[in-house]
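Residue numbers begin at 1 in each chain, while the letters A, B, ... track the order of the sequences.
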Amino acid sequence: MDLMLYNTLSRSKEKFIPLEPGKAGMYVCGPTVYDYAHIGNLRSYIFADLLRRVLEYNGYEVTHVMNITDVGHLVSDADEGEDKMAESARREKKTPWELAEFYTRDFMNSMELLNLKKPTIVCKATDHIREMIEFTQGLLEKGYAYRIEGQGIYFDVSKFPEYGKLSGNRLEDLQAGARVAVDERKRHPADFALWKDAPPEHIMQWPSPWGPGYPGWHIECSTMAMKYLGKQIDIHTGGIDHIPIHHENEIAQSEALTGKPWVRYWLHGEFLQVDGGKMSKSLNNFYTLATLQERNIEPLAFRYFCLNAHYRTPLNFTWDGIAAAQKSLERLRQGYNNLPDDGQPAPPQMLERFHRAINDDLNVPLALAYAWEAVRSPSPGAKALLDRFDAVLGLNLNAPQVAKELPPELARLLEERNQARAARNWAKADALRDELARRGVTVKDTKEGTVWEYNPPA
RNA sequence: GGCGGCAUAGCCAAGUGGUAAGGCAGAGGACUGCAAAUCCUUUAUCCCCAGUUCAAAUCUGGGUGCCGCCUCCA
C-alpha cells in the first residue's frame with residue numbers, strides 16, 4: 001500500500017519513495033535546550049514520533065535523527081548580542097553547558113513520558129563544531145558565502161536563485177527589517193550567519209579559521225543531517241514556523257554546497273494553540289507536562305489529545321479538551337483490558353482499513369476512531385487488532401495495570417464500609433464512602449465486589 | 001505590505017463532489033440499596049454571500065473572523 005505524505009515543497013500529498021528501498025531516513029528539528037519544553041513543542045515531537053511509527057508500520061527500517069541545539073540561537077537578529085543559551089545561563093547562574101545538560105535531560109524525560117521512541121541518533125550541535133566549520137569553508141570556497149569583518153561569515157542568498165521555494169516567499173517581497181534593523185554590510189537583508197565572531201566575553205566559543213567564534217543556527221541542522229543521513233535525505237520535519245527562515249536557509253546552504261536537491265519530503269506540524277490563541281509566558285498559559293500532571297492529567301492523555309487531531313491542522317488546547325482526552329484514554333484502556341484474549345488473529349479487513357488511514361498522510365484521528373470501534377463492537381481478534389494499532393498510536397494500552405496499595409488506615413475504613421453494607425446499614429456505609437472520597441478513594445460496588453481507585457489528594 | 005494555514009454539534013475534532021467518523025459533555029434507559037463505574041440509545045446540513053454541477057462541508061470567486069511567519073520560536 002502506498003504511503004502518502006504531504007510535502008510542503010509541492011503543497012500536495014506525494015507517494016513516499018525512499019532513496020534506498022526499504023529504508024527511510026528522517027531528520028527531526030530538535031529542541032533548543034534553554035528552557036523547559038512546553039506542550040506546544042511537544043506536539044511537534046509527537047507528530048515526528050507518529051511519522052516514524054507509521055514508517056515502521058510500513059516495514060521501513062528507519063534512521064531517525066534528532067538534534068539538540070545547545071548553542072547559537074540568537075535572541076535578536078541584528079547580529080549583536082547573546083544567544084538564548086547564554087542569556088538563560090546568565091539568568092540561572094549556570095554555565096551554558098550545565099544549562100543544556102539540565103534541559104536536555106528534562107526534554108528526554110518528557111519524550112519518555114509521552115512514549116516517544118528514542119531517535120536512532122540524538123546529536124548535539126556543540127559536538128559538531130568542526131563539521132560546521134568545514135561546511136562553512138566549503139560554502140566560502142564555492143563563493144556562496146562572504147565575510148563581514150568583526151561579524152562573521154554570511155550566506156549570500158542572492159547566489160541561490162531558488163531561495164524561497166519552500167515557503168513561497170520571493171526574496172524581493174520579504175519586508176526587510178520590518179521589525180529589526182539590518183546590518184547594512186549584508187549584501188542582502190535575508191543573508192544569514194553561518195559562523196559568528198565571538199567577542200572575548202562570549203562564553204561559548206571555538207577557534208576557527210576566522211578567529212574565535214560560534215556557529216550560526218541554521219548550519220547545525222544541515223551539517224548533522226548530512227553527516228548522519230547523507231547528502232540527500234528522505235524526510236525532514238519541523239514546526240510550521242520553521243518553513244520560511246530556518247528550513248529555507250537549510251535548503252539554500254545545503255544545496256549550494258552539494259549541488260543536489262537535498263530533502264525529498266518536507267513535513268511540517270501545525271501549532272498547538274491555547275484557548276484559541278498563541279501560547280506565551282506573558283499570558284500565563286505556558287504549559288509543560290508538569291503543569292498537566294499537577295492537574296492530574298497523564299502525559300499520555302496529552303498524547304491522546306494530539307492523536308485526536310490531524311498534525312497539519314491547528315489544535316486548540318483547552319482544559320476541557322484535555323480533560324476529555326484523559327477520560328477517553330481511561331475508557332479506551334479499560335475497553336482494551338476488558339477484551340478477551342481469544343488468541344484470534346487481527347481481522348485483515350480491519351487492519352487494512354487502519355493501514356489505509358495512517359498511510360493517508362497520517363490520518364491518525366480516523367485510525368483512532370477505528371480503535372474505538374474495535375473496543376465498542378469487538379470482533380474476534382479485537383485484542384490483537386488493538387495491539388497492532390497501538391504500535392502506531394503509542395498509547396501503551398497493554399501496559400500492566402499497576403496495583404496500588406491502599407494505606408492501612410484507608411483499607412480499614414473500606415473494610416468497615418463493606419461490613420456495614422453486609423449488614424445493610426446503608427447510612428453508615430454511605431458516610432464511610434463519603435469519608436473515603438474525601439481522602440482520595442473512589443469506591444465502586446460492582447458485581448464482582450467492591451473496587452476502588454486511589455488518588456491521594458494533593 | 002508579502003507569504004502560509006484554519007473556520008464542521010456545548011467542547012476537542014475526522015471527512016476534498018453524492019444527503020456529516022470518533023471522543024468528551026448533555027439527555028433517556030439498563031444495572032445498583034443509593035451512588036460510582038459500565039453498557040445501550042440519542043443530539044449538526046458544515047462562518048457569510050454569489051457561482052459551477054443532476055448533486056458541494058467538499059470546486060470557483062468575493063467577504064468576515066482567528067492563527068502563524070517575514071527577529072528567536074514546535
Original post:
Parallel, tilted or perpendicular: which describes the rings of His268(A) and Trp266(A), with under 30° parallel and over 60° perpendicular?
Top reply: parallel

Subject >> Under 3.5 Å on both distances, the Watson-Crick or G-U partner of C39(B) >> reply: G29(B)

Original post:
How far, in whole Å, is A25(B) from G10(B) if one measures between their C1' atoms?
Top reply: 7 Å

Original post:
Think Arg353(A) forms a cation-pi with Tyr370(A), using NZ or CZ under 6.0 Å from the six-ring centre and within 45 degrees of its axis?
Top reply: yes

Original post:
CZ of Arg353(A) versus C1' of G15(B): gap in Å, rounded?
Top reply: 14 Å

Between the protein and nucleotides 29-33 of chain B, list the N/O to N/O atom pairs that are separated by less than 3.5 angstrom.
{"from": "G33(B)", "atom 1": "O6", "to": "Arg421(A)", "atom 2": "NE", "distance (Å)": "3.2"}
{"from": "G33(B)", "atom 1": "N1", "to": "Asp430(A)", "atom 2": "OD1", "distance (Å)": "3.0"}
{"from": "G33(B)", "atom 1": "N2", "to": "Asp430(A)", "atom 2": "OD2", "distance (Å)": "2.6"}

Original post:
Say you pick atom P in A37(B) and the same atom in C69(B); how far apart are they, in whole Å?
Top reply: 42 Å

Subject >> Gap in Å between the two P atoms, one belonging to C40(B) and one to U45(B), rounded >> reply: 26 Å

Original post:
Hey, mind stepping through Glu435(A) and Arg417(A) against salt bridge (charged side-chain N to carboxylate O under 4.0 Å, His left out) and telling me if it holds?
Top reply: CA-CA 10 Å; Glu435(A) 171 66 14; Arg417(A) 174 172 178 274; over 6 Å; no

**OP:** Would you indicate which nucleotide in A74(B), G4(B), C3(B) comes nearest to any side-chain atom of Asn169(A)?
**Re:** C3(B)

**OP:** Name the pairing partner of G68(B), where a pair is Watson-Crick or G-U wobble with both distances under 3.5 Å, or state none.
**Re:** C3(B)

Subject >> Enclosure of Lys165(A) NZ (heavy-atom neighbours >12, cutoff 6.0 Å) >> reply: yes

Original post:
Is it true that a side-chain atom of Asn67(A) and a backbone atom of Cys221(A) form a donor plus acceptor pair closer than 3.5 Å?
Top reply: no

Subject >> Check: Phe317(A) ring centroid to His38(A) ring centroid under 6.0 Å >> reply: no

Original post:
What about Tyr57(A) and Phe354(A), are their ring centers closer than 6.0 Å?
Top reply: yes

Original post:
Who does A57(B) pair with, Watson-Crick or G-U, both distances under 3.5 Å?
Top reply: none

**OP:** Enter the distance from Lys383(A):NZ to Asp390(A):CG here, rounded to the nearest 0.5 Å.
**Re:** 12.0 Å

Original post:
Base, sugar-phosphate alone, or nothing: which one does Lys327(A) contact when heavy atoms must sit under 4.0 Å apart?
Top reply: sugar-phosphate

Original post:
Phe271(A) stacking on A74(B): centroids under 5.5 Å, ring planes under 30°?
Top reply: yes

**OP:** Mind calculating the distance between OH (Tyr214(A)) and C1' (C72(B)) to the nearest angstrom?
**Re:** 13 Å

**OP:** Report the distance from atom CZ of Phe317(A) to atom P of C67(B), rounded to the nearest whole Å.
**Re:** 18 Å

**OP:** Please work out which residues in residues 357-379 of chain A have a non-hydrogen atom less than 4.0 Å from an atom of RNA chain B and list them by number.
**Re:** Asn363(A), Pro365(A), Leu366(A), Ala369(A), Trp372(A), Arg376(A)

**OP:** Quick one: do Asp360(A) and Arg356(A) satisfy salt bridge (charged side-chain N to carboxylate O under 4.0 Å, His left out)? Show the steps, please.
**Re:** CA-CA 6 Å; Asp360(A) 180 15; Arg356(A) 210 180 307 127; over 6 Å; no

Original post:
Are any of the side-chain nitrogens in Arg433(A) or Asp430(A) under 4.0 Å away from the carboxylate oxygens of its partner?
Top reply: yes

**OP:** Might you work through the salt bridge (charged side-chain N to carboxylate O under 4.0 Å, His left out) test for Arg105(A) and Glu101(A), ending with a clear yes or no?
**Re:** CA-CA 6 Å; Arg105(A) 196 170 300 152; Glu101(A) 170 85 28; 2.5 Å; yes

Subject >> Base-pairing assignment for A44(B) (Watson-Crick or G-U wobble, both under 3.5 Å) >> reply: none

Original post:
On a whole-Å scale, what distance lies between the C1' atoms belonging to A27(B) and G61(B)?
Top reply: 43 Å

**OP:** For G17(B), give its Watson-Crick or G-U wobble partner with both distances under 3.5 Å, or none.
**Re:** none

**OP:** Could you tell me whether Val451(A) contacts a base, only the sugar-phosphate backbone, or nothing, with contacts defined as non-hydrogen atoms closer than 4.0 Å?
**Re:** nothing

**OP:** Using the C1' atom as the reference point in each nucleotide, state the distance between A9(B) and G68(B) in Å, no decimals.
**Re:** 27 Å

**OP:** Round to a whole Å and report the spacing from NE2 of His246(A) to P of A74(B).
**Re:** 10 Å

Subject >> Separation of His236(A) NE2 from Asn7(A) CG (nearest 0.5 Å) >> reply: 12.5 Å

**OP:** Name every residue in residues 301-314 of chain A that has at least one heavy atom under 4.0 Å from any atom of RNA chain B, in order of residue number, or write none if there are no such residues.
**Re:** Tyr304(A), Phe305(A), Asn308(A), Ala309(A), His310(A), Thr313(A), Pro314(A)

**OP:** Any chance you could measure His247(A), atom NE2, to Trp262(A), atom CH2, to the nearest 0.5 Å?
**Re:** 7.5 Å

Original post:
When we call it a touch if two heavy atoms are under 4.0 Å apart, what does Leu315(A) touch: a base, just sugar-phosphate, or nothing?
Top reply: sugar-phosphate

Original post:
Once you round it to whole Å, what is the distance between P of A74(B) and OH of Tyr27(A)?
Top reply: 13 Å

**OP:** Could you give the distance separating C48(B) and A56(B) at their C1' atoms, to the nearest angstrom?
**Re:** 16 Å

**OP:** Mind checking Gly238(A) for me? I need base, sugar-phosphate or nothing, with any heavy atom below 4.0 Å counting as a touch.
**Re:** sugar-phosphate

Subject >> C24(B) and U19(B), which share atom name P, separated by this distance in whole Å >> reply: 26 Å

Subject >> Separation of atom OH in Tyr163(A) from atom P in C3(B), rounded to whole Å >> reply: 16 Å

Subject >> Output field: ring centroids Phe192(A)/Tyr154(A) closer than 6.0 Å >> reply: no

**OP:** May I have the distance from Leu436(A) (atom CG) to A36(B) (atom P), rounded to whole angstrom?
**Re:** 17 Å

**OP:** Between Pro244(A) and Thr318(A), name the one whose nearest nucleotide on RNA chain B is closer to the 5' end.
**Re:** Thr318(A)

Original post:
With nearest nucleotides of RNA chain B determined for Asn316(A) and Asn41(A) from heavy-atom distances, which residue corresponds to the more 5′ nucleotide?
Top reply: Asn316(A)

Subject >> Inter-nucleotide P distance (A74(B), C70(B)), Å rounded >> reply: 12 Å

**OP:** Check every atom of A36(B), A25(B), A74(B) against the side chain of Thr442(A) and return the nucleotide holding the closest atom.
**Re:** A36(B)

Subject >> Strand partner of A9(B), provided both Watson-Crick or wobble distances fall under 3.5 Å >> reply: none

**OP:** Identify whether any heavy atom of Ile322(A) sits under 4.0 Å from a base atom; if not, whether one sits that close to sugar-phosphate; answer base, sugar-phosphate or nothing.
**Re:** nothing

Subject >> Glu248(A) side chain vs Leu166(A) backbone, donor-acceptor pair below 3.5 Å >> reply: yes

Original post:
How close or far is atom P of A13(B) from atom CD of Glu270(A), stated in whole angstroms?
Top reply: 12 Å

